[in-house]
Amino acid sequence: MPSAIRVMGILNTTPDSFSDGGKFTNIDQALEHVAQMIVDGADIIDIGGESTRPGAQAVSVDDEIARVIPIVQEIRKRFDIDISVDTSKAEVMREAISAGVSIINDVRALREPGALDICKDSDVDICLMHMQGQPRTMQALPIYESVVDDIYGFLREQIEVCTNAGIANSRLIIDPGFGFGKTLSHNLELLAKLNRFKSLGVPMLVGISRKSMIGTLLNDAPVDQRSNGSLAANVIAAMNGASIIRTHDVKQTNEAMKIAIGVLEYV
Ligand code: PT1
């Protein structure tokens, strides 16, 4: 079966964003980055106003709205590209949806108050991600009975919550949440067994780009030296059934996906 794999380019607006170091806080710089990602072959631009990397602190609704919504509006004005907003807060979701995003990317899988209601009354797609704990403390001691089964069960339940709220399955995307309350071996087992999640029957998004699992495998390489390792992991994810790849390195990922798509024709 011919497979489509979409590349989601990461645009961070958080001042402490873990790998862009807050380079794109200014709107013009953000728009320049978006233009480049589109040239490089991005299918979706993902905008986040809350850092969710390990250790990150929570942000207020007002700060998140102020960081994210003006950029969404400007991108909508200037470019014809799908936009996703990386948020867990109902108020941010509501503003993002009225500003014209096509995907809500929620690392808390619509478990925050009001999030499900906002999404069900809209027509956006929704990415349901698995996270154990909360960003500030999630890497302290992640424990699973079986990492694949536990995450599978969680995602199946959240799909059911959405179904019961009247959200069509065709609007859902799942994400096992690499690095969100997971040890290196949890992450590696997940990557090896990603194809188990296919039976949930909805497309799968994978975000591995520049994460510490890559750094650890590369003898503690710093964030700016994790691109090749990330690319390798993203090819493995594609071969194992991922259909959206969230990445900092859009051009390289887009090229790698052409190779994966070519090979997937014969699997
Ligand atoms: C992700 C993701 C995301 N990751 C989706 N959204 C982040 N759907 C933000 C580390 O280990 O995978 N899927 N939004 C970024 N979060 C992290 C987590 C960044 C872990 C870094 C690490 O270094």
Side-chain angles (χ1 to χ4, degrees), residues 6-14 16-21 44-59 64 67-68 82-89 92-93 96 101-111 115 119 124-140 142 151 154-155 158 172-188 190-191 194 197 202-218 220-227 229-230 233-234 237 242-249 253:
R6 289 190 288 165
V7 174
M8 171 184 267
I10 301 168
L11 179 73
N12 272 306
T13 62
T14 50
D16 66 339
S17 162
F18 89 104
S19 79
D20 292 321
I44 305 161
I45 304 294
D46 187 46
I47 308 169
E50 178 202 6
S51 173
T52 53
R53 75 174 199 279
Q57 301 280 345
V59 269
E64 215 181 304
R67 281 179 197 166
V68 166
D82 280 332
I83 303 170
S84 75
V85 161
D86 189 339
T87 189
S88 299
K89 297 186 180 74
V92 182
M93 292 176 183
V101 305
S102 35
I103 302 174
I104 294 293
N105 173 22
D106 185 2
V107 301
R108 294 179 184 81
L110 303 187
R111 288 176 296 165
C119 288
V124 293
D125 290 350
I126 301 145
C127 180
L128 303 169
M129 199 196 78
H130 173 273
M131 165 161 60
Q132 185 178 91
Q134 288 292 329
R136 203 173 58 76
T137 51
M138 65 191 175
Q139 290 307 108
I151 293 173
F154 170 82
L155 293 172
Q158 292 312 114
L172 300 177
I173 299 161
I174 49 157
D175 181 341
F178 284 98
F180 286 89
K182 283 135 192 136
T183 63
L184 175 60
S185 49
H186 292 144
N187 287 316
L188 289 173
L190 272 178
L191 185 54
L194 262 192
F197 295 93
V202 302
M204 179 164 47
L205 187 155
V206 159
I208 307 182
S209 188
R210 299 186 190 173
K211 286 186 179 175
S212 47
M213 65 178 284
I214 305 296
T216 303
L217 291 171
L218 298 178
D220 296 322
V223 183
D224 65 353
Q225 282 162 50
R226 296 178 187 172
S227 291
S230 300
N234 281 330
S243 39
I244 303 176
I245 306 290
R246 182 180 182 275
T247 180
H248 297 87
D249 303 298
T253 304

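Start at 1 and go down the list; that is how both ligands and their atoms are numbered.
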**Asked** Of Gly179, Gly207, Ser212, Ser84, which has the heavy atom at the shortest distance from atom 10 (C) of ligand 1?
**Response** Ser212
**Message:** Looking at non-hydrogen atoms alone, which of Arg226, Lys211, Arg53, Arg210 comes nearest to atom 12 (O) of ligand 1?
**Reply:** Lys211
Exactly one of [options] should register a side-chain contact (heavy atoms from CB on, under 4.5 Å) with [X]. Which one does?
{"X": "Asp86", "options": "Val107, Asp106, Val92, Val68", "answer": "Val107"}
{"X": "Val101", "options": "Ile47, Asp82, Ile83", "answer": "Ile83"}
{"X": "Ile151", "options": "His186, Lys182, Gln132", "answer": "Lys182"}
{"X": "Met93", "options": "Ile126, Thr87, Val124, Val85", "answer": "Thr87"}

**Prompt:** Does the side chain to side chain contact (heavy atoms under 4.5 Å, CB included) test come out yes or no for Thr52 and Met131, once each step is laid out?
**Reply:** CA-CA 10 Å; Thr52 53; Met131 165 161 60; 5.8 Å; no
So if I count the atoms of ligand 1 from 1 in the order they appear, which ones are less than 4.0 Å from some heavy atom of [X]?
{"X": "Val107", "answer": "3 (C), 6 (N), 14 (N)"}
{"X": "Met129", "answer": "1 (C), 5 (C), 13 (N)"}
{"X": "Asp86", "answer": "3 (C), 6 (N), 9 (C), 14 (N)"}

**Request:** Go through the structure and list residues passing salt bridge (Lys or Arg N to Asp or Glu O under 4.0 Å) with Lys89, not counting sequence neighbours.
**Result:** Glu64
**Item:** Test of proximity, Asn105 against ligand 1: N or O pairs below 3.5 Å
**Value:** yes
**Asked** Hey, is ligand 1 close enough to Cys127 that some N/O pair sits below 3.5 Å?
**Response**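 No, Cys127 has no N/O under 3.5 Å of an N/O on ligand 1.
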**Prompt:** How does Val206 reach ligand 1, if at all, at less than 4.0 Å between non-hydrogen atoms: by side chain, backbone, both, or neither?
**Reply:** neither
**Fill in**
Contact region, Ile208 to ligand 1, non-hydrogen atoms below 4.0 Å, reads neither
**Prompt:** Would you say the side chains of Asn105 and Ser84 form a donor-acceptor pair under 3.5 Å?
**Reply:**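 No, Ser84 and Asn105 have no side-chain donor paired with an acceptor closer than 3.5 Å.
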**Asked** Hey, does Pro54 sit under 4.0 Å from ligand 1 if you only count heavy atoms?
**Response**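 Yes, that is the case, since the closest heavy atom of the residue is under 4.0 Å from the ligand.
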